[in-house]
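Note on naming: letters A, B, ... go to the chains in the order of the sequence lines (proteins, then strands), and numbering restarts at 1 for each one.
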Amino acid sequence: MALENRKWEQTLLEESRRQVLAGWPTGREVDLEDAMNYHRSLGQERISYHKLRRGQQEGVTFLQPRAGVALLDEHINLLNSLEHQGAADFLPTTIDSYTRLNRYQEADRGIEESKAAGRSMLNGLPAVNYGVKNCRRIVAATGVPVQIRHGTPDARLLAEITLAAGFTDFEGGGISYNIPYAKNISLQQSLSDWQYVDRLCGLYAEGGIIINREMFGPLTGTLVPPFISHAVGIIEALLAAEQGVRSIAVGYGQGGNLIQDTAALRTLRRLARHYLDRFGYQDVFVSTVFHQWMGGFPQDEARAFGVIAWGAATAALAGVDKVIVKTPHEALGVPTAEANVAGLLCTRQVMRMLAEQNVQATQRLADEEQVIEREVGEVIAAVLDLGEGDLAAGVVRSFAAGVLDVPFAPSRCAKGAMMPVRDLRGAIRLLHPGNLPLSRETLDWHRLKIEERGREERREPDFRMVIDDIYAISKGMLVGKPR
Amino acid sequence: MALENRKWEQTLLEESRRQVLAGWPTGREVDLEDAMNYHRSLGQERISYHKLRRGQQEGVTFLQPRAGVALLDEHINLLNSLEHQGAADFLPTTIDSYTRLNRYQEADRGIEESKAAGRSMLNGLPAVNYGVKNCRRIVAATGVPVQIRHGTPDARLLAEITLAAGFTDFEGGGISYNIPYAKNISLQQSLSDWQYVDRLCGLYAEGGIIINREMFGPLTGTLVPPFISHAVGIIEALLAAEQGVRSIAVGYGQGGNLIQDTAALRTLRRLARHYLDRFGYQDVFVSTVFHQWMGGFPQDEARAFGVIAWGAATAALAGVDKVIVKTPHEALGVPTAEANVAGLLCTRQVMRMLAEQNVQATQRLADEEQVIEREVGEVIAAVLDLGEGDLAAGVVRSFAAGVLDVPFAPSRCAKGAMMPVRDLRGAIRLLHPGNLPLSRETLDWHRLKIEERGREERREPDFRMVIDDIYAISKGMLVGKPR
Amino acid sequence: MPRTTTIVLGVIGADVHAVGNKILEMTFSDAGFKVVNLGVMVSQEEFINAAVETDAAAILVSSLYGHGEMDCRGLREKCRESGIGKILLYAGGNLVVGKRTFSQVEAMYREMGFDRVYPPGVMPDVAIADLRKDLGL
Amino acid sequence: MPRTTTIVLGVIGADVHAVGNKILEMTFSDAGFKVVNLGVMVSQEEFINAAVETDAAAILVSSLYGHGEMDCRGLREKCRESGIGKILLYAGGNLVVGKRTFSQVEAMYREMGFDRVYPPGVMPDVAIADLRKDLGL
Ligand code: B12
Ligand code: B12
């Protein structure tokens with residue numbers, strides 16, 4: 001069956017579901033009717049969609065950590081600390097890397113080794129292995145919405161099990177959970193598998209259960225220009241909406257320059273709404289998510305707190321619905337509960353201190369916004385063009401052609417022909433546009449900005465400058481200085 | 001002798017010095033000639049004045065911690081950690097509270113008890129008790145300029161001993177080290193005693209040794225409107241310049257609102273220069289100092305890091321020559337070396353990350369700057385008026401009349417008739433102007449800002465609102481919400 | 001006991017931290033106590049004289065700056081000598097130099113004869129409630 | 001030994017952290033090594049096959065995502081079985097789950113047969129210098 005952006009037929013879905021649920025023994029536990037009843041029993045404050053809507057109405061920004069360990073009871077304890085000591089507004093259940101690659105056997109081994117070692121040997125919770133009933137214990141033990149966060153190209157079974165367990169929020173998309181998270185998986189495959197996930201959410205929606213679907217904005221977390229992640233997020237949103245998803249969050253990873261980040265968050269919200277409306281999905285609720293610095297962190301905890309706090313300040317000054325919070329252990333390893341709580345408390349402190357302030361409207365801000373809007377427009381138009389009107393087909397062909405591209409991606413699907421670098425003020429620009437379908441006007445803007453930096457640093461911008469930028473934050477700067 | 005703002009006669013100085021040096025046995029160690037020779041042996045990188053000048057030329061912002069313990073060797077170890085692990089650009093020697101009140105006997109007891117207890121029982125280093133030779137060990141053991149930081153209304157002997165020991169930087173002033181730091185000491189007395197200190201620095205300057213004198217900007221550290229601390233700092237600068245001081249730093253304590261803080265730092269530099277020039281002190285070098293949040297801190301360390309980082313961000317975005325850094329232990333007690341290093345590293349991380357960014361010029365910023373300039377102009381004009389042209393006399397009469405006033409001050413000299421409170425965006429405004437000599441236009445600005453907040457919070461602004469604001473940061477906000 | 005209970009308030013020693021003291025005055029007054037506020041830099045003798053003169057039910061000692069340990073020693077003995085040996089003594093603020101576990105600090109001040117000892121940043125309502133309890137109000 | 005020394009580079013297991021790997025490729029190439037970069041998600045077998053085929057002097061294993069401990073176990077044994085038992089094995093990245101003292105981690109990986117083990121965030125120049133030393137270049 002050729003991939004196209006069209007709502008799946010009921011028969012196709014049913015057939016696929018039978019196959020998927022047979023993929024691992026716990027698949028048998030999934031019972032949609034029972035699942036929906038369980039969802040109906042949840043109060044609104046434990047349902048992402050409702051909480052996000054309320055937040056938007058009241059102008060509140062929510063905080064959410066990342067967290068997941070191999071053993072169920074430990075995971076529940078961890079979430080309890082984050083909820084009660086960290087006052088997290090949303091909780092996560094981060095899934096381990098074996099599960100993300102559907103290697104459930106290895107995940108089983110990870111559970112066993114963790115039990116034996118008395119500490120988590122997995123970098124997340126293997127939810128599929130635990131199954132519906134066990135996972136429901138997580139939902140039951142928490143007072144706020146819990147989201148599944150992962151990085152799984154084929155998340156069909158994971159979605160089946162966790163939605164059935166009562167989780168109300170599911171991260172990922174056919175692009176954002178493939179390109180940064182896989183090597184050999186085709187976009188045809190991942191887009192199709194995510195249509196399944198989205199269609200499954202659509203099924204819940206038809207039963208009155210609105211699952212929030214969040215697109216993973218940061219991609220590789222490393223010098224991603226805003227328009228790239230915006231284009232990807234918006235495309236994923238459109239694909240999800242087509243399958244009946246009714247609540248969509250689009251994300252963005254902090255770049256570091258306050259003006260560019262503000263422009264990014266403001267345009268992300270506007271553009272997502274604009275495109276959803278334009279393609280007929282006026283009834284889809286949209287929210288925005290900001291990720292604190294996603295690249296390499298400094299190892300020293302005091303310095304890491306500095307990075308976290310600047311992320312918090314940016315979020316507060318720019319305005320966003322939810323912030324995904326880092327921890328002072330980031331550079332070193334999966335954080336302890338205490339480190340995770342510390343990240344939350346530091347972030348909350350800064351965000352509440354700055355709640356009454358925002359980035360002032362200036363020409364520079366307006367320019368940045370305008371550039372991003374133009375860039376996203378240029379890219380999405382080209383994608384639709386290549387797809388001859390079909391967005392899904394367009395995505396596949398666009399990545400093949402480098403018309404869509406993501407820097408530093410492990411996936412073979414990404415050409416990696418474009419190369420980003422920072423400008424003089426730390427905004428992320430294009431050093432090489434690769435095959436990105438940008439207008440002369442747009443390319444000139446990038447070129448001028450980078451020439452300016454080259455002059456200031458008296459060096460020709462090249463890959464060394466890019467490497468300097470990649471190391472910069474962990475070495476205590478934003479713009480990588482010549483060594 | 002009546003207090004007036006006129007350079008001391010040589011005879012007066014000599015006579016006073018004899019008395020002061022006889023005040024405690026270590027006074028005998030002071031030998032000006034030997035002192036100057038020692039100063040001449042220091043490299044420029046260890047002399048505040050030179051380092052500050054270089055910093056201004058190169059656009060660098062320096063960091064300085066606060067630190068002082070009872071025992072000399074421990075103090076030297078402490079400074080070594082701050083210099084080497086914390087990469088402090090300037091080092092402090094914070095003086096204990098007994099010495100600040102010239103209670104050298106009690107300081108002696110503190111030294112003894114500290115030796116006995118094996119931990120510092122004093123909140124700083126009793127430099128007078130240690131004397132010139134011992135204190136010189138501190139200077140000799142460090143590679144960057146070391147400043148004496150204290151809070152001493154009568155710092156004559158402290159200045160004699162520490163300058164003779166080779167310290168190149170001395171904080172304080174007749175107002176800023178009286179009003180927030182004493183109860184019963186008259187301004188006549190403290191201003192006169194600080195004329196002595198300034199004249200002593202003048203003497204060094206005549207010998208080619210330029211001592212940097214820093215005015216203590218934050219005052220009580222609690223809701224001080226910028227124009228108040230600016231007026232005080234500028235007056236102290238003028239008084240110091242008259243006695244021959246050639247290098248002056250004026251300070252400002254973070255308020256919390258980015259626009260107001262930026263306006264404050266920008267006007268502080270301009271106004272200090274303006275007034276020094278206007279009164280004929282064109283040859284005095286001026287630099288600016290920013291103090292991270294000086295009010296009550298949150299106890300939790302992660303949250304304290306948030307406060308520290310926001311101070312760092314403000315300094316970087318607004319621009320300043322030196323930042324005085326807080327620590328994550330602030331709310332709990334004199335910090336350990338580690339906590340102090342952590343404050344430095346966190347601050348440095350944020351400041352370097354933001355080195356390429358700044359607060360954009362907007363109308364709101366221009367308005368804030370204009371208001372501060374007008375306010376400072378109104379206050380200083382009134383002080384000169386009351387002094388019938390003499391600034392020193394004017395200060396004494398102005399405090400008595402409430403024409404100069406500092407909120408929450410322990411000193412009986414401050415009327416405490418003015419009462420500050422935050423506006424809707426967290427900027428510090430006047431709830432009650434007391435007797436401050438402000439124009440109708442200025443008062444209206446404050447009134448409107450506060451009415452706006454009252455409407456938003458649906459309460460009449462009064463002392464409860466002020467208390468809420470005082471607690472706010474330690475409870476995780478800037479603007480105190482109604483309980 | 002008079003209808004309005006009097007308390008003596010002040011910051012001991014060479015300590016000039018005035019902000020908390022001003023707030024304590026406002027909040028205890030608000031709560032109906034008669035507050036004799038001696039302000040900052042108060043000696044042991046001043047505390048005791050004020051308490052004797054006003055027939056106070058309690059002395060609330062603040063120490064923020066770290067020298068509390070030295071400044072407070074002997075206060076209970078002096079109270080006894082002045083005939084108010086049973087007066088309630090509370091202490092609060094940042095009672096020692098540096099960050100130390102509060103239980104140590106509490107034990108040390110109790111040893112010195114304080115009836116109640118408060119950790120840094122305690123809210124006034126807590127002490128108001130305690131005082132009411134201790135006085136049977 | 002050929003004039004240009006060949007090394008095999010890759011990120012082991014199910015790990016997709018690509019950024020450090022790309023930088024290692026650039027810096028080792030820059031330093032004059034012939035780099036066979038297997039990219040991310042590399043199995044033990046792939047590492048060994050590549051090393052055998054290219055007659056490599058060293059295998060540089062990255063593991064960032066935390067499962068390194070499970071993924072790396074047995075690599076030295078497999079090398080022996082494939083006749084390259086003496087090949088240099090280096091490991092770097094975030095080698096275990098969570099923040100742990102590096103000396104523990106180092107001991108564990110040495111036990112597994114790695115010649116050199118690097119802490120998180122080590123700079124490539126350090127490893128380049130070590131490699132030159134170990135190979136007597
Ligand atoms: C960016 C990033 C991501 C991106 C990666 C994008 C991509 N595909 O490359 C995304 C967001 C996709 C991601 C995903 C995940 N990540 Co990640 N990620 C990071 C982060 C923030 C930076 C990594 C990076 O690029 N650093 C910059 C490069 C230049 O440095 P480097 O990778 O460390 O490599 C250098 C050195 O280590 C050294 N080096 C590396 N290997 C070797 C080998 C030898 C022999 C030598 C000599 C030197 C050497 O040289 C390299 C070049 O200088 C780190 C934390 C950090 N470091 O701040 C976490 C981190 C590595 N991730 C982590 C985890 C757990 C994950 C996820 C499982 C879950 C999650 N949190 O989302 C998934 C894993 C997916 C998978 N299957 O692998 C953990 C690992 C935990 C642990 N070991 O205990 C970390 C440490 C974060 C944390 N504290 O939780 N991540
Ligand atoms: C503002 C401030 C100053 C201002 C004070 C202005 C003034 N005159 O009031 C200035 C800048 C002048 C200053 C000077 C000094 N300070 Co100071 N200062 C602070 C700071 C930041 C806030 C204090 C404050 O106003 N808090 C807000 C009020 C509302 O809270 P509070 O004072 O804690 O009081 C409340 C409670 O504690 C409680 N409470 C207090 N007492 C009592 C008593 C009882 C019985 C009860 C029930 C409750 C109670 O109720 C109060 C009201 O809610 C604190 C650190 C912090 N807390 O964040 C340091 C701090 C108190 N200062 C300290 C020090 C060392 C000094 C100096 C010696 C040196 C220096 N660092 O400059 C000098 C001392 C001068 C002197 N002789 O006293 C240290 C004390 C160290 C220690 N104990 O180990 C602290 C803790 C900072 C630190 N970590 O180093 N300081």
Side-chain angles (χ1 to χ4, degrees), chain A residues 69-70 96-103 106-107 109-110 113-114 117 119-124 151 153 178-184 220-223 295-299 301 327-336 339 407-412 414 416 463-464 466-467 470-471 474-475 483, chain D residues 9-31 37-44 46 62-74 92-105 108 118-126 128:
Chain A
V69 289
D96 72 290
S97 284
Y98 294 137
T99 302
R100 292 168 182 222
L101 294 160
N102 314 90
R103 302 189 186 167
E106 282 169 79
R109 184 158 63 96
E113 292 209 17
S114 302
R119 61 189 160 86
S120 182
M121 300 282 286
L122 293 177
N123 55 16
N178 176 347
I179 302 298
Y181 283 103
K183 181 177 181 180
N184 284 322
T220 51
T222 305
L223 298 179
F297 252 67
Q299 296 195 13
E301 295 191 20
T327 84
H329 284 185
E330 177 63 15
L332 292 164
V334 169
T336 57
F408 313 108
S411 169
R412 300 226 159 104
F463 80 95
R464 281 180 207 87
V466 180
I467 295 184
I470 291 175
Y471 284 137
S474 67
K475 295 199 167 169
R483 277 159 295 183
Chain D
L9 199 69
V11 187
I12 200 164
D15 193 336
V16 299
H17 289 90
V19 183
N21 170 264
K22 285 181 205 279
I23 293 188
L24 287 174
E25 172 173 357
M26 294 190 228
T27 45
F28 273 86
S29 303
D30 233 26
N37 187 4
L38 305 175
V40 304
M41 299 184 83
V42 181
S43 67
Q44 296 194 351
E46 288 173 277
S62 293
S63 177
L64 281 300
Y65 72 155
H67 294 187
E69 197 175 336
M70 291 189 284
D71 295 336
C72 291
R73 224 177 271 150
N94 297 75
L95 289 168
V96 292
V97 172
K99 177 179 174 173
R100 283 164 63 198
T101 55
F102 179 64
S103 56
Q104 278 174 36
V105 176
M108 177 197 303
Y118 295 91
V122 66
M123 293 302 288
D125 356 340
V126 178
I128 290 171

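For a residue to count as touching a neighbouring chain, one of its non-hydrogen atoms must lie under 4.5 Å from one of that chain's; by this rule A/R119 touches chain D with the side chain only. The contact between A/A182 and chain D is made entirely by backbone atoms, counting heavy-atom distances below 4.5 Å. Both the backbone and the side chain of A/S97 come within contact range of chain D, each with at least one heavy atom under 4.5 Å from a heavy atom of that chain. Only the side chain of A/Y471 comes within contact range of chain D, with heavy atoms under 4.5 Å apart. Proximity to chain D (any heavy atom under 4.5 Å) is shown, for A/L122, by both the backbone and the side chain. The part of D/D30 that comes within reach of chain A is its side chain, from C-beta onward, which places non-hydrogen atoms under 4.5 angstrom from that chain. Of the two parts of A/P180, only the backbone, made up of N, CA, C and O, holds a non-hydrogen atom closer than 4.5 Å to a non-hydrogen atom of chain D.
D/H67 and A/M121 make their closest contact through CD2-O, 3.7 Å (heavy atoms, listed as atom of the first residue, atom of the second, distance). Heavy-atom minimum distance, A/L101 versus D/M41: CD1-CE, 3.3 Å. Between A/A331 and D/P120, the closest heavy-atom pair is O-CB, 3.8 Å. Residue A/I467 comes nearest to D/M26 through the heavy atom pair CD1-SD, 3.8 Å, listed as atom of the first residue, atom of the second, then distance. Closest approach of D/V19 and A/T222 over heavy atoms only: CG2-OG1, 3.5 Å. For D/A14 against A/R103, the heavy-atom pair with the smallest separation is CB-NH1, 3.6 Å.
A/E106 contributes atom CD, which lies 7.5 Å from atom CG of D/D71 (distance to the nearest 0.5 angstrom). The CG atom of A/N123 lies 11.0 Å from the CG atom of D/L64; values are rounded to the nearest 0.5 Å. Here the CZ atom belonging to A/F463 is positioned 10.5 Å from the CD1 atom belonging to D/I23, to the nearest 0.5 angstrom.
In this structure, A/Y98 and D/Y65 have perpendicular ring planes: the angle between them is above 60°, well past the 30° mark.
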Verdict with reasoning, D/V16 to A/K183, per side-chain contact (heavy atoms from CB on, under 4.5 Å): CA-CA 7 Å; D/V16 299; A/K183 181 177 181 180; 5.9 Å; no

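In terms of non-hydrogen atom pairs under 4.5 Å with chain D, the most contact-rich of A/P335, A/S474, A/A409, A/G296 is A/A409.
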